[in-house]
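Here the structure comes first, spelled out in structure tokens, and everything after it is commentary.
Since the structure is predicted, the reported quantities are computational estimates derived from the model, not experimental observations. Within every chain, numbering begins at 1; the chains are lettered A, B, ... in the order of the sequence lines, protein sequences first and strands thereafter.
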Amino acid sequence: EAEVAQSPRYKITEKSQAVAFWCDPISGHATLYWYRQILGQGPELLVQFQDESVVDDSQLPKDRFSAERLKGVDSTLKIQPAELGDSAMYLCASSEHRGNTEAFFGQGTRLTVV
Amino acid sequence: AQKVTQAQTEISVVEKEDVTLDCVYETRDTTYYLFWYKQPPSGELVFLIRRNSFDEQNEISGRYSWNFQKSTSSFNFTITASQVVDSAVYFCALSEAETSYDKVIFGPGTSLSVIP
């Protein structure tokens, strides 16, 4: 069964260090989302791609976060420098096209900043 | 502004009991979608259902059923004869036509524990 792949599953980093997460969506899915989920809360959208273009990054803290999907397939989310408040689960999701008809989520990357 | 409320933070039930998870939403849009997702301990969000705002017909899928009431802005989820495997965090979510349904707003989630 096709699935959204994310790596790493867990990451511990010291504050002020750089950290990166990778996501490989389901093949053929044009729309890719990055969500951040703080413990005990629902996911919040950070950035949405349609193919290689950013559709919405209004909630992305652009002073330290960046995201790219250069070839319109896999995607990388980077944080530099990491802060203690960035500790969270980072979830990637993909859907066949815009409109979130059905988004499929990966297992996420659990980030702990110490 | 759109908003999703799940007033039940945690629920514990004994196996085989029925349980209802509440969801209340706010939106000024007349066209929207409502969702339920399940997040097991493994972390991924599993899509359960999507309901269009024009379709108030209740839906049943096996032991799962959903009650959509526009009059009370609620989209409640019932699990019949709960099982241990149902233990997870359940999220209700909303997306609006105004944002081309791209922006999905999740509720805070309800953690369900089914005790054997």
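- Top candidate by heavy-atom pairs under 4.5 Å with chain B, chosen from Ala93(A), Pro43(A), Gly108(A), is Pro43(A).
- There is no contact between Arg110(A) and chain B, counting heavy-atom distances below 4.5 Å.
- Listed for the Ser111(B) side chain is no donor-acceptor partner under 3.5 Å among the backbone atoms of Val89(B).
- Cation-pi check for Arg51(B) over Phe68(B) is not met; the charged atom does not lie both under 6.0 angstrom from the ring centroid and within 45 degrees of its normal.
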Check: Step by step, would you call Phe104(A) with Phe47(B) a side chain to side chain contact (heavy atoms under 4.5 Å, CB included)?
Finding: CA-CA 7 Å; Phe104(A) 294 84; Phe47(B) 171 88; over 6 Å; no
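- The neighbour count for Gln80(A) CD, taken as heavy atoms of other residues, nucleotides or ligands under 6.0 Å away, does not exceed 12.
- By the 30° and 60° cut-offs, the orientation of the rings of Phe105(A) relative to Tyr37(B) is perpendicular.
- Within the 4.5 angstrom heavy-atom criterion, only side-chain atoms of Ser58(A), from C-beta onward, approach chain B.
- If you measure heavy-atom distances from Val4(A) to chain B, you find no contacts under 4.5 Å at all.
- Of the atoms belonging to Gln41(A), it is backbone heavy atoms, and not side-chain ones, that fall under 4.5 Å from chain B.
- In this structure, chain B has no heavy atom under 4.5 Å from any part of Glu44(A).
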Note to self: Determine whether Thr5(B) and Lys3(B) satisfy the following criterion, side chain to side chain contact (heavy atoms under 4.5 Å, CB included), listing intermediate values before the conclusion.
What the structure shows: CA-CA 7 Å; Thr5(B) 303; Lys3(B) 182 179 176 182; 3.9 Å; yes
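- Proximity to chain A is absent for every atom of Gln6(B), based on heavy atoms less than 4.5 angstrom apart.
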